[in-house]
Amino acid sequence: MEGDCLSCMKYLMFLFNFFIFLGGACLLGVGIWVIVDPTGFREIVAANPLLFTGAYIMLAMGAMLFLLGFLGCCGAIRENKCLLLFFFMFILLIFLAELSAAILAFIFRENLTREFFTKELKKHYLRNNDTDVFSSTWNSVMITFACCGVNGPEDFEAVPHLPHSSSESVTPEACCQRELQSREGKFVNKKACLTGIERFQNRQGCYTVILNSFETYVYLAGALAIGVLAIELFAMIFAMCLFRGIQ
């Protein structure tokens, strides 16, 4: 019976480490996606070191979990006590680091508020200057999501015009409605938009639009994080049980 229990524990250990392997692969993929950043959101929050380094932390954690899951599977199959002990200590450190990161994310969640993005927009946005990364990124976001500013076009009332700019419009071109939501899309009526006619402008703020677009994914990411922590906890328990059972 003892041998059967040990064998069962070994395969359960392998199963949980396989899930850790998959979880690490997912985090690694998300981290790479954020760093590659096809939509340019990284540049919007680049002024905040905590948010900027978050993607690299996720990338590092994903890589460690990916490697750790692989090593755990090998340790369980080969019944290597040294490898199992190394696995337990390493995954304990990762578990504590992830828990600390979750606590810090909760504490500093105010950095993702509407007020924070509004302040950054008014401080760094240079209207139609596409040579500036921050401004170009914001323009791309507003065009892609058919939105304007953080709260609406009124956010740009405090944004100064560029020197030698021929346009005196408060609303930037990126807020004008287009037939196709891309930079190549034709304006519905650019002149009317820039003169302040609201029906040719995108009036809804980007904060609400993006929040609604990504709300499901935020909950999904939270559920995935909780699942990874639970799997890590069970893997540590199985590792110790298997370690004590090996003669």
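No experiment lies behind these values; they were computed from the predicted model shown.
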Co-membership, hydrophobic cluster, residues [X] and [Y], 4.5 Å side-chain:
| X | Y | result |
| --- | --- | --- |
| Leu126 | Ile143 | no |
| Phe187 | Phe145 | no |
| Leu96 | Leu85 | yes |
| Leu211 | Trp138 | yes |

Using every non-hydrogen atom in the two residues, find where [X] and [Y] come nearest and quote the distance to one decimal.
| X | Y | answer |
| --- | --- | --- |
| Cys206 | Cys148 | SG-N, 3.7 Å |
| Asn202 | Pro153 | O-CG, 4.0 Å |
| Val141 | Cys147 | O-SG, 4.1 Å |
| Gly149 | Cys175 | N-SG, 4.3 Å |
| Arg199 | Gln177 | O-NE2, 3.1 Å |
| Asn151 | Arg114 | OD1-CD, 2.7 Å |

(request) Check whether any side-chain heavy atom of Leu27 sits under 4.5 Å from a side-chain heavy atom of Phe66, and report yes or no. (result)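 Counting from C-beta outward, Leu27 and Phe66 never come under 4.5 Å.
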(message) I want to check something: taking the side chain as every heavy atom from C-beta on, are Phe87 and Met236 in contact at a cut-off of under 4.5 Å?
(response)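 Heavy-atom side-chain distance check fails, nothing below 4.5 Å.
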(message) Check the orientation of Phe18 and Phe14. Use parallel for under 30°, tilted for 30 to 60°, and perpendicular for over 60°.
(response)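 Plane angle under 30°, so parallel.
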What's the spacing between [X] [atom1] and [Y] [atom2] if we round to 0.5 Å?
| X | Y | atom1 | atom2 | answer |
| --- | --- | --- | --- | --- |
| Lys123 | Thr118 | NZ | OG1 | 14.0 Å |
| Leu93 | Met64 | CG | CE | 9.0 Å |
| Met142 | Glu173 | CE | CD | 10.5 Å |
| Lys190 | Cys193 | NZ | SG | 9.5 Å |
| Phe21 | Leu67 | CZ | CG | 10.0 Å |

(request) Would you check if the distance from the ring center of Tyr125 to the ring center of Phe134 is below 6.0 Å? (result)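 No: the rings miss the under 6.0 Å criterion.
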(message) Treating Arg178 as the side-chain partner and Gly185 as the backbone partner, does any N or O pair qualify as donor plus acceptor under 3.5 Å?
(response)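 Looks like yes, one N/O pair under 3.5 Å.
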(message) Counting only heavy atoms not in Met89 (residues, nucleotides, ligands), do more than 12 fall under 6.0 Å from its CE?
(response)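 No, because the 6.0 Å sphere around CE of Met89 holds 12 heavy atoms or fewer from other groups.
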(message) Could you list the cluster mates of Val188? Members are the ILVMFWY residues connected by side-chain heavy atoms closer than 4.5 Å, either directly or through other members.
(response)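 Ile197, Phe200, listed by chain and number.
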